[in-house]
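What's counted below: heavy atoms across the whole structure, side chains too, no hydrogens, waters or symmetry copies. As the structure is a computational prediction, the values presented were derived from the model and not from experiment.
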Amino acid sequence: LSGSRTLGEGYADGTAATARIRDIASGLTGAANGGFTIGDDLALRIVNAAGAIRTIATSRAQSTPQGVGVLAQVPFVLAVNRTESLTVDAAGNVVVADEDGQTVRRISPAGVVTLTAGLLGSFEGMVDGVGSEAQFSDVGSAIASDSSGVLYVADNSSLRRIGTDNVTTLLAGARVTFPPNGTPTFGAVDGNGTAALFNRIFGLAAAPGGI
């Protein structure tokens, strides 16, 4: 579909035949008009239906455009030993759940990066709150958006909900605390809300009636 076989890997926008791709193992999701959004190592890129690639935000100092807005320069896709996931919200923004930064961020088609939830570097917390008041334990493995713009994020062995007002709450699964308090936080137990236990959530999808 896109990416040059002869030019090899790299970061180059262009047509399907001239564009170069570095590493898209970090995330891929559908975009408007039959295209795709890809997490390409340290860049977020749009592939249109004809295979042409356009970079909308990147953390590579030597690359442009850099993106503007909150935390735009912090790597939001880091393929090595980290996990990231992508979705597109109801407004057409790409939403990135980033394990490296423990944040959830929105990137507009113009490359404007804004913080939706999470506190940069908060690797040992699961705290509900608005925007950066919220903390994640291990976000990045899965994210989904429903038709109203509500986000659902896999956080370690729990499911968190981020409303359109950027309020993060625990939806299902045990609340992970550090250091471990002896209470099981993972398993395979059916139940309502925090009574349910998950081993690890690696995939999410929003159905018409909810998650």
For the pair T116 and R105, evaluate side-chain hydrogen bond (donor to acceptor under 3.5 Å, both in side chains) and give the outcome as yes or no after the intermediate values.
-> CA-CA 5 Å; T116 298; R105 280 176 280 176; over 6 Å; no
Under a 4.5 Å cut-off applied to non-hydrogen side-chain atoms, are [X] and [Y] in contact?
{"X": "V94", "Y": "R106", "result": "no"}
{"X": "L151", "Y": "V104", "result": "yes"}
{"X": "T168", "Y": "Q135", "result": "no"}
{"X": "V88", "Y": "N93", "result": "no"}
{"X": "I53", "Y": "I21", "result": "yes"}
{"X": "I162", "Y": "V153", "result": "yes"}

Any chance you could measure I201, atom CD1, to R160, atom CZ, to the nearest 0.5 Å?
-> 11.0 Å
Approximate separation, where rounding is to 0.5 Å, of I143 CD1 and L86 CG = 8.5 Å
What are the two closest heavy atoms between D138 and D155, and how far apart are they?
-> N-OD1, 2.6 Å
Return the minimal non-hydrogen interatomic distance between A195 and V189, and the atom names on each side.
-> O-CG1, 3.9 Å
Please list, chain by chain and in numerical order, all residues satisfying side chain to side chain donor-acceptor pair (under 3.5 Å) with S145, sequence neighbours excluded.
-> none
S148 meets the side chain to side chain donor-acceptor pair (under 3.5 Å) criterion, sequence neighbours left out, with D146
Determine, step by step, whether T55 and D13 satisfy the side-chain hydrogen bond (donor to acceptor under 3.5 Å, both in side chains) criterion, reporting the C-alpha distance in whole Å, the side-chain angles of both residues, the deciding distance to 0.1 Å, and the verdict.
-> CA-CA 7 Å; T55 300; D13 292 349; 2.8 Å; yes
Other residues, nucleotides, ligands: >12 heavy atoms within 6.0 Å of D190 CG | no
I would like to know whether R175 and D128 meet salt bridge (charged side-chain N to carboxylate O under 4.0 Å, His left out); could you show each step before the answer?
-> CA-CA 10 Å; R175 188 180 299 276; D128 293 343; 3.1 Å; yes
Taking only residues two or more places apart in sequence or in another chain, which ones pass side-chain contact (heavy atoms from CB on, under 4.5 Å) with T15?
-> A17, T18
